[in-house]
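As a basis for the values below, the full set of heavy atoms in this structure was taken, side chains included, without hydrogen atoms, waters or symmetry mates. Proteins come first, then strands; the chains are lettered A, B, ... in the order of their sequence lines, and each starts at number 1.
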Amino acid sequence: MIDGFLYQALIYLAAAVICVPVARRLGMGSVLGYLLAGILIGPFAFGFIGREGQDIMHFAEFGVVMMLFLIGLELDPAHFWKMRGRILGMGSLQLGATSLLAGGGLLLLGFSWQSALASGLALSMSSTAIVLQTLREKGLSSAESGRSAFAVLLFQDIAVIPVLAVLPFLAVQTVARAPGEHAGMLAGLPGWLQTSSVLCAILAVIAAGRYVIAPFLRIIAGAGLRELCVAASLLIIFAIAFLMNAVGLSPALGAFLAGVVLANSEFRHELESDIEPFKGLLLGLFFIAVGASINFKLISDDPLTVIALVAALLVLKAFVLILTGRLFRLSFDQNCIFSVALSQVGEFAFVVFAFMHTLKILSGPWLDTMMAVTALSMTVTPVLMLINERLILPSFGTPEQEKMPEDTIDVKNKVIIAGFSTFGSTVGRFLRANSIEATILDNNSDRVNLLRKMGFRVFYGDATRLDILHSAGAADASILIVAIDDPATNCALAATVRKHFPGLTVMVRARNNFETYELLDIGVPHVYRECLDASVRLGVDALVKLGFRRYSATRAGQNFVKYDEAAVHKLAPHRHDEKKYIYTTREQIRLQEQLLANDSRSSHGLTDHAWENESGSCGCPD
Amino acid sequence: MEPISITFKIDLISDTIEKVHRSALIKVLRQMKKVLILFAHPRFEKSRANKALLAEVRGLDFVTVHDLYELYPDFNIDIGREKMLLAAHQLIIWQFPLYMYGPPALLKHWIDLVLEHGWAHGSGGCSLEKKQLFIAVTTGGSREAYGADGFNRFALSELLRPLEQTACLCRMMYLPPFAVQGMASLTQEHLGRYALLYRLAIQGLCAGEADLAGIVRCEFLDVWATALLHQGAP
């Protein structure tokens, strides 16, 4: 029983559930938590799982496949076109320079030119999974560093297609595959045939996305069964993965392509919400598997080689990235974040190295070493980012806290604003216009530098960190305005503050009703939906353009806002009455339905009886 | 980072727009429209009488119709702009339906905010000196219902005393009210006649040859305008 499925599930889930919250509490981020969990349960620590970690990894790679599918979904061609300069420029520069330098280094170590070139390409890839997850948790997705990292990762993800297609040409001898080895059915074919079948498969995915999947989903949606939609979404991904495996391509790429093709279809949000939970779980499993598969025996046998290789690679990659960032005019802080974030070797290297081994470009011992180097570099990244965030940036880049002259140091602002993007800055400017100075917390160094130049009191860093809140004066302030772009961070911050600074009034920005409910659940009464006032104002102006009197329309708008706020507060406790589902878009549609039903029962339009009262003492004055 | 620099730029732009706007406004005001109708009606879309009155005078080129509820639905009155308008006109009209024996809230609000001490009244407050003011009012009750023996116990002129005194405080000449009364019994023809009288009254007062002493002796401006009509004046 001890090797059974239940036992394994127990080990993995327990490790994740214990390690991830601890890691997050220590400010390390979930990725590092999963990796540590993997190391702990792996064969070289507690040994709960043995070498089958490798097999788990194959399975868990589906997390990466799903992630790329979701990235593809987010990326409609228009968006891609807008980012083309960054993607092509930064991406090609990083990939080209890193491959050449790393390949050159390997040539010196005695690699043949084919294997040096292939390995260089593999090593130049970074880990989309780790980087995106980490940057999102740090709320940096929309900062310069986050956007640049996304662009480079995207270029790499796309570049894997030609890389894998070209690899067979580098094979020095005809490939003889051992029986039973995981391989595509095309393995025995000559190189040109393999390459053309790869291209055919890609075209097939694009065509299927357009002409098969969308109509198929329409039929499924017609059936009206929730679990069937989830099953269909998973089926699409598994089918693509199977096809890609068959031609020896990375399933992740196929999924990415399918995602891009489906980005403009009406099922985009449906697919996103269906796959999101599976993606999260499998990505976690993937990180655990990476941690568990690190061959500590190899490392302890020859620690110097492995560690030297890892260090050399990290330095080399970071060096190229810093130059790239410089060339694309990233500021010092953003460049540091960008370079450190992308300095590891990514999950595609596993695929490429394995492929190279089957093509006999890479020898067995080197394969093990490279795998260990890759896994180790992935593990080190979150730590490096933490060091960068806590030590390097505060000392060399934008300091967390501005050095103030002695006489102003005890100025205590009554208001703290966390997050100074469009929303927060509007609030801040309004307060400042009324001579209320606010202390600002933000984690975008470009913005922080600008604001400091303009004389604002700004703290740089993650607003959910208790020490930053303390130094920003949360203990003495009376109001904290939470206006960060990422809703999860807003929620976490609100919860932290309610626990540690119960006297502080928290006013939170929310994007929609769903987030409002979440915030009401954790006991924050002051929730402001960012689209409510603007959309009602638009509605008021629309009424005016249709000939309504401006005053009547304005009153109707004000009434509607009041009514809507009341309705949201009223419905909040009842929303879980029906069976609970975690799929957020569906829940939102259901909540919308409740609101609309409530609308038809109440009247909140243009009815003011006071001025139409014919029986009043003055009579109707007209 | 971007949104901030952009919004600061917008601040600058809106400042210049404001300046251009003001200078254009002043240019328009130089042409000296003489009559300013400060109109306040929270339910204008349902009105008959006020609609008829305004329609008759809106097109006149010496008349500025200033619709307060349309301009300030949020009650946030631009005091500087209102003062400039007042300065540029000679005859001021407060036009409104009578609600609970007083003007609608926004007109009262306007009076409270715009007629500042030191500008409109008090020491140095002579900006409105020698301007003329009358009230154009519509009431549901008939003229007979307003009097010592009537349902409303007071004459309309008595009920309007606070407004009259406000005008006097601001050193303006207060003229008798133009009143359209007894709404329930007024047909569309009646309203058309009142509208005509309204225009005649305004034109008569602007003609410059108006017999002000005679006007002040009338209880209602519409009565004076009826006399003008019978004389066959313009």
Chain A shares the most heavy-atom pairs under 4.5 Å, among Gly182(B), Pro97(B), Pro104(B), Ala145(B), with Pro97(B)
Whether over 12 other heavy atoms sit under 6.0 Å from Arg329(A) CZ | no
Separation of Asp74(B) CG from Arg550(A) CZ (nearest 0.5 Å) | 9.5 Å
Toward chain A, the part of Phe75(B) with a non-hydrogen atom under 4.5 Å = side chain
Sub-3.5 Å donor-acceptor pair from the side chain of Glu45(B) to the main-chain atoms of Arg549(A), do we have one?
-> no
With a cut-off of 6.0 Å (strictly less than), are more than 12 heavy atoms of other residues, nucleotides or ligands near CZ of Arg48(B)?
-> yes
CZ-OG distance between Phe44(B) and Ser552(A), expressed to the nearest 0.5 angstrom = 11.5 Å
How many angstroms lie between OH in Tyr551(A) and CZ in Arg43(B), if you round to the nearest 0.5 Å?
-> 8.0 Å
